[in-house]
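Read through the structure below, which is laid out as structure tokens, and then see the notes.
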Amino acid sequence: GASPCELTVFAARSKHGKTTLSLNVAYKIIKPDTQNKTVLYFSYEADKEPLSHKLWAMLSGLDSAIFRYNKEEYTPLQLEKTKAAHEQTKNLKLIIDLESRDHKSVVASVAATKFAYPDLSLVVFDNIQNFNSNEKYRNDASVYKEITQVLYHDITKNERFGVHTAVLNQIDDWVEVKKINKYQIPLSPIDIADHEKTGIFNVADNVIFLTRPEINFENPKNAPGVLK
């Protein structure tokens, strides 16, 4: 389950399934016949439609590309599965916030959601590297310090909220990838914790790396120590 007052970082390169995994986790929490709790989802990349497509794909077993590109060309079976998935998601307590991108508005959004939905259990930040996305100082150390402050101190460890925080981070934006025997290996949690710009990793309770061998490695069968 999502333990309250803990911070989990899902770290991966682009297009490795961070959003899909987070929606799977969220669904386990909001599913009516399991925990039936509320999830607040801050999306700093995708809008509501792509997120809905991913959720429908997860529930229907269909490729989300069908929803993006072939809306008029469903087979009868695909249409049946899509309708069933849509019905399943109708009343789910998944609150998607596309607007709150700075320290003050994020904390206010969590507080308002907790007030409206006392069973708020999980807060997700998708593509955290776009938090407070002011190009003039995005790579400045103050941004990383602010991210750590708002996510860890003001939300995760705030007992008034009592939520688990999940952060989706594109690691090639923040840390380099080192080469071992010609393979591209994501840096270890220890390496990342020592990195001067990744304060969020220093305070995380859990760090989970996602890799796709067919993308990260020249010969996936011989890829050493791959964490999927």
Side-chain angles (χ1 to χ4, degrees), residues 1-29 39-46 54 103 106-107 110 120-133 138-159 161-180 183-217 220 223-228:
S3 303
C5 298
E6 283 194 3
L7 174 65
T8 297
V9 175
F10 293 98
R13 298 172 74 184
S14 179
K15 306 299 181 184
H16 275 48
K18 299 183 296 295
T19 299
T20 299
L21 176 60
S22 69
L23 287 173
N24 270 273
V25 173
Y27 183 68
K28 299 295 184 185
I29 293 172
V39 170
L40 175 59
Y41 199 103
F42 292 95
S43 179
Y44 297 143
E45 182 179 41
K54 288 178 181 290
H103 190 153
V106 162
V107 174
V110 175
L120 177 65
S121 177
L122 175 67
V123 178
V124 179
F125 290 85
D126 193 346
N127 254 34
I128 193 62
Q129 64 271 14
N130 291 330
F131 176 84
N132 215 345
S133 52
R138 262 189 69 188
N139 294 319
D140 190 272
S142 63
V143 177
Y144 302 102
K145 185 176 180 180
E146 182 180 5
I147 288 173
T148 302
Q149 174 67 35
V150 65
L151 296 184
Y152 185 73
H153 298 289
D154 295 349
I155 295 177
T156 305
K157 296 304 178 182
N158 188 332
E159 294 183 358
F161 296 149
V163 298
H164 190 106
T165 305
V167 176
L168 281 57
N169 182 59
Q170 191 169 310
I171 61 171
D172 55 357
D173 272 5
W174 279 10
V175 299
E176 295 177 353
V177 175
K178 60 184 177 183
K179 285 189 175 182
I180 299 179
Y183 298 113
Q184 299 290 323
I185 309 292
L187 296 177
S188 72
I190 294 174
D191 292 327
I192 286 181
D194 289 338
H195 195 272
E196 62 181 5
K197 287 186 177 179
T198 51
I200 191 67
F201 288 94
N202 285 310
V203 297
D205 297 287
N206 313 288
V207 178
I208 298 172
F209 291 97
L210 308 176
T211 65
R212 292 178 60 182
E214 71 275 18
I215 292 178
N216 294 108
F217 304 103
V226 175
L227 173 64
K228 295 185 180 179

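Quick note: residue numbers are just sequence positions, from 1.
Contacts of Thr165 classified as side-chain contact (heavy atoms from CB on, under 4.5 Å), with partners at least two apart in sequence or in another chain: Leu7, Phe125, Ile155, Thr156, Val163, Val167. Residues meeting the side-chain contact (heavy atoms from CB on, under 4.5 Å) test with Thr8, sequence neighbours left out: Phe10, His164, Asn206, Ile208. By the salt bridge (Lys or Arg N to Asp or Glu O under 4.0 Å) test, Lys157 pairs with Asp205, sequence neighbours left out.
Taking CG of Asp126 as the reference point, atom OH of Tyr44 lies at 10.0 Å (rounded to 0.5 Å). Leu151 contributes atom CG, which lies 9.0 Å from atom NE2 of His103 (distance to the nearest 0.5 angstrom).
When all heavy atoms are compared, the tightest approach of Leu122 to Ala26 is CD2-CA, 4.2 Å. The minimum heavy-atom distance linking Ser22 with Leu168 is given by the pair OG-CD2, 3.6 Å. Heavy-atom minimum distance, Asn158 versus Cys5: O-SG, 4.5 Å.
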If you apply the rule side-chain contact (heavy atoms from CB on, under 4.5 Å), what do you find for Leu120 with Phe161, and how did you get there? CA-CA 8 Å; Leu120 177 65; Phe161 296 149; over 6 Å; no
